[in-house]
Enquirer: 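Attaching a single structure in structure tokens format; questions to follow.
To find a chain, count down the sequence lines: A is the first, B the second, and so on, and within it residues start at 1. Keep in mind that this is a model prediction, so the values were computed, not measured.
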2 protein chains.
Amino acid sequence: MTIGDAAKASGVNAKLIRYYESIGLIPEAGRTASGYRVYSPSDVNVLRFVKRARTLGFSIERIQILVGLWQDRSRSSAEVKRVALDHVAELEAKIAELRAMSDTLTHLAHACHGDERPDCPILRDLEEGGGHCCDEPPP
Amino acid sequence: MTIGDAAKASGVNAKLIRYYESIGLIPEAGRTASGYRVYSPSDVNVLRFVKRARTLGFSIERIQILVGLWQDRSRSSAEVKRVALDHVAELEAKIAELRAMSDTLTHLAHACHGDERPDCPILRDLEEGGGHCCDEPPP
DNA sequence: CTTGACCTTCCAATCATTGGAAGCCTTATC
DNA sequence: GATAAGGCTTCCAATGATTGGAAGGTCAAG
């Protein structure tokens, strides 16, 4: 299999496969006499694993660990679970951050007339740093 | 005020202030005879506006627009509201994406014993692409 | 033999921020 | 007046993951 075949079979872009190799996430592929990279079905499995892990938002760094555990027959599921739960904790933290942003803005937008007049609570919030509420103007 | 003073007063790092200037988000600061940047309290207001907008997750591109509207006395609040709601829509899309990741992983982690044995539903999901559930193994 | 589709490497851009290096300016102290 | 500390200047580079392009080599079919 060439890199293009592996890309189709795994769903990982050929360019990305080369990148993953360059950073050491996947081992260096074998080469034909003319220098083309060669892939086996087992290489494709690794690529699919990586792709699925990326879909779940794992960082490349954590995927390195997961691939290592995956290929380690003496792993404990506790190790895998810890990596996953660490990631879940980061996801939840990010969600909470975005949730707070969205709620604040939704609130401000709700208070904004949205007409042709220039007066706007959104701009007032940005101006004043968000340290107050529309019903409680700063002293 | 020097850039360091403006940084303290606005909460925006001096390095970041230079960056914002370089990309045209804020106008070029005046200079002393020796080349130091000079800032006025009104410049600090702009920096605070930018900082608050970044805290709410607005992209630099949208902040450009917001600053323009802020300083345009003939703006309509509808324009501001539209920019804000576009951003809210992006935030909600991102939240939904992260929520799906987190829920999937939480489910998988729940099904994982987390003990010293190697068997692990998390790794099985990554291996098989998540196209099935623990109770419904693939045919 | 030519065309087109593939492969190779290298370099650059994205987004927002941070870091460092090398060198100049200002202020305080001796 | 010399010197040291600390702030300022510019330029270059790195982050994370991915994508884009350019320039050139290789393979298969027509």
Enquirer: CG of A/L56 versus C1' of D/dA17: gap in Å, rounded?
Expert: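 Atom CG in A/L56 sits about 16 Å away from atom C1' in D/dA17.
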Enquirer: Where does the chain A footprint on DNA chain C start and end, counting 5' to 3' with a 4.0 Å heavy-atom cut-off?
Expert: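 Here the contact window of chain A covers C/dC6 to C/dT9.
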Enquirer: Could you tell me whether A/I3 contacts a base, only the sugar-phosphate backbone, or nothing, with contacts defined as non-hydrogen atoms closer than 4.0 Å?
Expert: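 Sugar-phosphate only.
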Enquirer: What I want to check is whether the side chains of B/D119 and A/S77 have a donor and an acceptor closer together than 3.5 Å.
Expert: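 The criterion, which ignores hydrogens and geometry beyond distance, is not satisfied for A/S77 and B/D119.
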Enquirer: Does B/R37 put a side-chain nitrogen or oxygen below 4.0 Å from OP1 or OP2 of D/dC8?
Expert: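 No, no such contact exists.
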Enquirer: Expressed in angstrom and rounded to an integer, what is the separation of A/L47 atom CG from D/dT18 atom P?
Expert: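 Roughly 12 Å, once rounded to whole Å.
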Enquirer: Can we say B/E127 and B/R124 salt-bridge, meaning some charged N sits less than 4.0 Å from an Asp/Glu carboxylate O?
Expert: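 Salt bridge: no.
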Enquirer: Mind checking if A/Y20 touches a base, just sugar-phosphate, or nothing, with heavy atoms under 4.0 Å?
Expert: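 Sugar-phosphate only.
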Enquirer: If two hydrophobic side chains count as joined below 4.5 Å and joins carry through other members, does B/L126 share a cluster with A/V83?
Expert: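 Yes, because B/L126 and A/V83 connect within a single hydrophobic cluster, where side-chain heavy atoms sit under 4.5 Å apart.
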Enquirer: Taking 4.0 angstrom as the limit, do B/R82 and B/D86 come out as a salt bridge?
Expert: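 No, this pair does not count.
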Enquirer: Which residue, B/A33 or B/S59, contacts DNA chain C at a nucleotide closer to its 5' end, judged by nearest heavy atom?
Expert: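 Checking each residue's closest nucleotide, the 5'-ward one belongs to B/S59.
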Enquirer: Contact class for A/R18 (heavy atom, under 4.0 Å): base, sugar-phosphate, or nothing?
Expert: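 If one applies the 4.0 Å heavy-atom cut-off, A/R18 turns out to touch a base.
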Enquirer: Can a salt bridge be assigned to the pair B/R99 and B/E92 using a cut-off of 4.0 Å between side-chain N and carboxylate O?
Expert: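 B/E92 and B/R99: not salt-bridged.
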Enquirer: Taking the basic N atoms (NZ, or NE/NH1/NH2) and the acidic carboxylate oxygens, is any pair closer than 4.0 Å for B/R18 and B/E21?
Expert: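 So B/R18 does not pair with B/E21 through a salt bridge.
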Enquirer: Report the residue (B/K15 or B/G4) whose heavy-atom-nearest nucleotide on DNA chain D is the more 5′ of the two.
Expert: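 The residue mapped nearer the 5' terminus is B/G4.
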Enquirer: Before accepting this row, confirm whether a basic side-chain N of the pair B/R37/B/E28 lies closer than 4.0 Å to the acidic partner's carboxylate O.
Expert: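 No salt bridge links B/R37 with B/E28.
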Enquirer: Quick one: on DNA chain D, does A/R54 or B/D5 contact a more 5' nucleotide (nearest heavy atom)?
Expert: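 Of the two residues, B/D5 wins.
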Enquirer: Per the atom types in the model, does the base of D/dG16 pair as donor or acceptor with the side chain of A/Y19 at under 3.5 Å?
Expert: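 Such a pair does not exist between side chain and base.
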Enquirer: B/Y36 has an atom OH; how far is it from atom P of D/dG6, in whole Å?
Expert: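 Rounding to the nearest Å, OH of B/Y36 and P of D/dG6 are 14 Å apart.
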Enquirer: Would you indicate, yes or no, if D/dC8 has its OP1 or OP2 atom less than 4.0 angstrom from a side-chain nitrogen or oxygen of B/T2?
Expert: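 For B/T2, the contact criterion (side-chain N or O under 4.0 Å from OP1 or OP2 of D/dC8) is met.
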Enquirer: Select base, sugar-phosphate, or nothing to describe what A/T32 touches, counting heavy atoms under 4.0 Å on all strands.
Expert: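 If one applies the 4.0 Å heavy-atom cut-off, A/T32 turns out to touch nothing in the nucleic acid.
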Enquirer: What is the separation between atom CD on A/Q64 and atom C1' on D/dA17, rounded to the nearest whole Å?
Expert: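 Going from CD in A/Q64 over to C1' in D/dA17 covers 13 Å.
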